[in-house]
Amino acid sequence: MRATNLYAPTLRQTPADAEILSHQLMLRAGMMRKSANGMYHFLPLGWRTIRKIEQIIREEMDAAGGQEMCMPILQPAEYWQESGRWAVYGAEMMRMKDRHGHEYCLGPTHEEMITSLVRDEVRSYKQLPLMLYQIQDKFRDERRPRFGLMRSREFIMKDLYSFDKDVEGMNLSYRKMYDAYTAIFSRCGLEFRPVEADNGAIGGGHSHEFTVLADAGESSIACCTKCDYAASDEKAELAPVEAPDEEPRELEKVATPGTNTIESLVSFLNIPIEKTIKAVAYETEQNALVLVFVRGDHEVNEVKVLHQLEGVLELRMAEEETIRAAGGCPGFMSPIGIKKGTHILVDPTVMNMKNAVSGANETDFHYKNVNPSRDFKDVVVADLRLVREGDPCPHCGAPVKMTRGIEVGQVFALGTKYSAAMGATFLNEQGKEKPLVMGCYGIGVGRTMAAAIEQSNDEHGIIWSRSIAPFEVVVVPVNGKNEEQLRYAEEVYGELKKAGVDVLLDDRPERPGVKFKDCDLIGYPLRLTIGPKTLEEGTLEVKIRKTGEMFHETRENYLGKVQELLKTL
RNA sequence: CGGGACGUGGCGCAGUUUGGUAGCGCACCUCGCCUGGGACGAGGGGGUCGCAGGUUCGAAUCCUGUCGUCCCGACCA
């Protein structure tokens, strides 16, 4: 490709509506443009990177036994009604009717479509396992699209679905995908961690998120400083903290005027915060009250709370009247004296506490010498707290470190949630009808591109890994109007192309500064410069974008050197 | 959806307070000159100031409405 034929409109200034670095750099490098809120054009340079990422994904999916296919983006409502998600998915699903009044949605995901396809075709365990995937646009009408490709409404996703005859088979498919994902993100040159994750609305069994480590990320993950345990903040399990053994004293009600926060309580009673019990009151969408108790210095993990409540999809902060109706008192809450039938969830750390302080369900009063194992009745004890830096790893006990990351892929062991709901069954070896055991595995392609930029850039622009760079090498004649230089550059360009190197010739009649700035901004891994000096010597100047290292190489040796260098970039 | 901000040539912005008929930098076109890190000179093209009403002799500027965009929050395979 010649730069004079390339549509790559670079920008000197950063467009005002781009907030994060990857978005700004992609706009400035002429890789993408915005079309509408949460929707983007990929320009030729950006599309080359997208296609390279897709190709890596494709190769690894195929190697793991996947077969590529393509499903419609417009999906009939009836499949979603069968799975029950038509009612659950909410406003994020873009719904529409055709001229006959039939209802459809723009596919936010394809579990229903693939399950309906496969149930009609797969009859026997002999056809299993089966892994089908596509790389296709998805659409989710996000409440708030932001950060360019990180959270767009229309986005490219690879989604693979596995079908197995039993859980062992599913676990094997899951493992294959886990390994394939590891290979994919490694090949993209990313620093990432697979982390244990919550399943969210998709349901099913275990799950991992593949998270690229970057400060601009929206996800927070806990990584053990010693072993390889890593989990999303929502998922990270926590063992109960032991409390020092004390002789339980008698429960005592004390006046604590105006202490409706933990901070004010701690200073009023002059006690360590670890001696206090904090309450958070929620209401479910069925308007049931849920009281959650954690130690004063801990935070509630709402996802863990949700897991304790059968059939509940959403929590909101409870209204004062609801709390009062159950016998509680906002700011002074305790499990002691709450009406029977209220959900009371208590973190195990709280159950270990001795002679602690909790509210007394009466304004301006607290209980002292609360011993939860003695005093709390009809409570559910479960891990409910949110992980924080320094908490012990559930596997080895070493402290965890909190890191930010960008979730670029997630794998789910679904089980039979969709196959059972939609009647996707097969006959097993015993001739018995069984639901297919499924897994689903997604990768955000655009997000992977954005994550790569977030992780690798400098003040001059993007620094691509060779594997996903729009071009591997750029050849730059310093003077684009000097015929000798141009001819020399053309020859080099031809040689590189012949050798199978993905090369761009910057033959624009621009001044050298302009071309160099563009090279750095776009981030080609290697730049070969031809100027008066190199022309005279019969050499080329090689510049490595990543390190800034520059050296001259003879015409005889440069090709080998370039190929050797590319392997390391 | 709640809170905040902003819409003026392709991009970045000034002008709005105090109404008087649109300006700067970059980019673009032509000519000259220059060629190892976003040159220079001369000339030139391009904007009914998001849109719709209203006030006024007169509106980018004031009023009302509306649409769009961005940020924070809530939300999220």
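Letters A, B, ... are given to chains in the order of the sequence lines, protein chains preceding strands, and every chain is numbered from 1. Since the structure is predicted, the reported quantities are computational estimates derived from the model, not experimental observations.
When both distances must be under 3.5 Å, the Watson-Crick or G-U wobble mate of B/G25 is B/C11. With a cut-off of 3.5 Å on both pairing distances, the Watson-Crick or G-U wobble partner of B/C1 is B/G73. The partner of B/A60 cannot be assigned: no Watson-Crick or G-U wobble pair with both contacts below 3.5 Å exists in any strand. Base-pair partner of B/G41: B/C31 (Watson-Crick or G-U wobble, both distances under 3.5 Å).
Straight-line distance between the C1' atoms of B/C1 and B/A14: roughly 35 Å, to the nearest whole Å. Distance check on atom C1': B/G41 versus B/C34 gives 11 Å, rounded to whole Å. On the P atoms, B/C49 is 16 Å away from B/G54, given to the nearest whole Å. B/U61 and B/C6 have their P atoms separated by 15 Å, given to the nearest Å. When the P atom is compared between B/G44 and B/U56, the two are found 41 Å apart, to the nearest whole Å. Atom C1' of B/A27 sits at a distance of 13 Å from the matching atom of B/G45, rounded to the whole Å. Comparing the C1' positions of B/C28 and B/G38 gives an interatomic distance of 16 Å, to the nearest angstrom. Taking the C1' atoms as reference points, B/A59 lies 27 Å from B/G4, given to the whole Å.
No contact: A/Pro9 has no heavy atom under 4.0 Å from any strand. At a threshold of 4.0 angstrom between heavy atoms, the contacts of A/Glu19 are confined to the sugar-phosphate backbone, with no base atom among them. Contacts of A/Thr14 with the nucleic acid, taken as non-hydrogen atoms under 4.0 Å apart, involve only primed sugar atoms and P, OP1 or OP2. Using a 4.0 Å heavy-atom criterion, one finds that A/Pro512 contacts the bases of the nucleic acid, with or without backbone contacts as well. Looking at heavy-atom distances under 4.0 Å, A/Asp17 makes contact with sugar-phosphate atoms alone, never a base.
Following rounding to the nearest Å, A/Ile114 (CD1) and B/A77 (C1') show an atom-to-atom distance of 16 Å. Rounded to whole Å, atom C1' of B/C28 lies 12 Å from atom CD of A/Glu510. In this structure, the CG atom of A/Asn482 is 11 Å from the P atom of B/G36, given to the nearest Å. Protein atom CG of A/Asn479 is 8 Å distant from nucleotide atom P of B/G36, rounded to whole Å. Here the C1' atom of nucleotide B/G37 and the NZ atom of A/Lys533 are 12 Å apart, to the nearest Å. The CD atom of A/Gln485 sits 9 Å away from the P atom of B/G36 (whole-angstrom rounding). Put simply, CD on A/Glu142 is 15 Å from P on B/G73, counting in whole angstrom units. With rounding to whole Å, A/Glu302 atom CD is found 15 Å from B/G73 atom P.
Put simply, the side chain of A/Lys543 and the base of B/G37 share a donor and an acceptor less than 3.5 Å apart. Residue side chain A/Asp520 reaches the base of B/G37 through a donor-acceptor N/O pair under 3.5 Å, judged by distance alone.
Residues A/Arg143 and A/Gln13 each lie close to RNA chain B; by heavy-atom proximity, the contact nearer the 5' end of the strand is made by A/Gln13. Both A/Pro108 and A/Pro145 sit near RNA chain B, but only A/Pro145 has its closest nucleotide nearer the 5' end.
In this structure, A/Arg153 contributes its side chain and A/Asn37 its backbone to a donor-acceptor pair below 3.5 Å. In terms of modelled atom types and a separation under 3.5 Å, the side chain of A/Gln134 and the main chain of A/Met71 share a donor-acceptor contact.
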Item to check | Annotated protein contacts, base or backbone, on nucleotides 38-44 of chain B with a non-hydrogen cut-off under 4.0 Å, one of B, S, - each | outcome: BB-----

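Of the candidates B/C71, B/G37, B/A77, B/C71 carries the atom nearest the A/Phe147 side chain, counting heavy atoms from C-beta on. The side chain of A/Phe412 approaches B/A77 more closely than any other nucleotide in the set B/U35, B/A77, B/G36.
In this structure, A/Arg119 pairs ionically with A/Glu82, as a charged nitrogen and a carboxylate oxygen lie closer than 4.0 Å. With respect to the salt-bridge test (charged N to carboxylate O, under 4.0 angstrom), the residues A/Asp458 and A/Arg545 qualify. Ion pair A/Glu68/A/Arg58 flagged as a salt bridge, since at least one NZ, NE, NH1 or NH2 atom sits closer than 4.0 Å to an Asp/Glu carboxylate oxygen.
Residue A/Arg144 places at least one side-chain N or O closer than 4.0 Å to OP1 or OP2 of B/C72.
Shown are A/Tyr174, A/Tyr441, A/Tyr178, A/Tyr181; of these, the side chain to side chain donor-acceptor pair (under 3.5 Å) with A/His208 is made only by A/Tyr174.
Not counting sequence neighbours, the partners of A/Lys304 by the side chain to side chain donor-acceptor pair (under 3.5 Å) test are A/Asp383. Considering only residues two or more places apart in sequence or on other chains, A/Pro330 meets the side-chain contact (heavy atoms from CB on, under 4.5 Å) condition with A/Glu320, A/Ile323, A/Arg324. Remark: A/Glu263 engages no residue in a side chain to side chain donor-acceptor pair (under 3.5 Å) (not counting sequence neighbours). Residues that satisfy the side chain to side chain donor-acceptor pair (under 3.5 Å) test with A/Asp179, not counting sequence neighbours, are A/Arg175.
In this pair, A/Phe192 and A/Phe210 present their aromatic rings tilted. The plane angle is within the 30 to 60° band.
Annotation: proximity of residues 32-42 of chain A to RNA chain B (heavy atom, distance under 4.0 Å) is found for A/Lys34, A/Asn37, numbered in ascending order.
Between the side chains of A/Ser219 and A/Glu407, not a single donor N or O lies within less than 3.5 Å of an accepting N or O.
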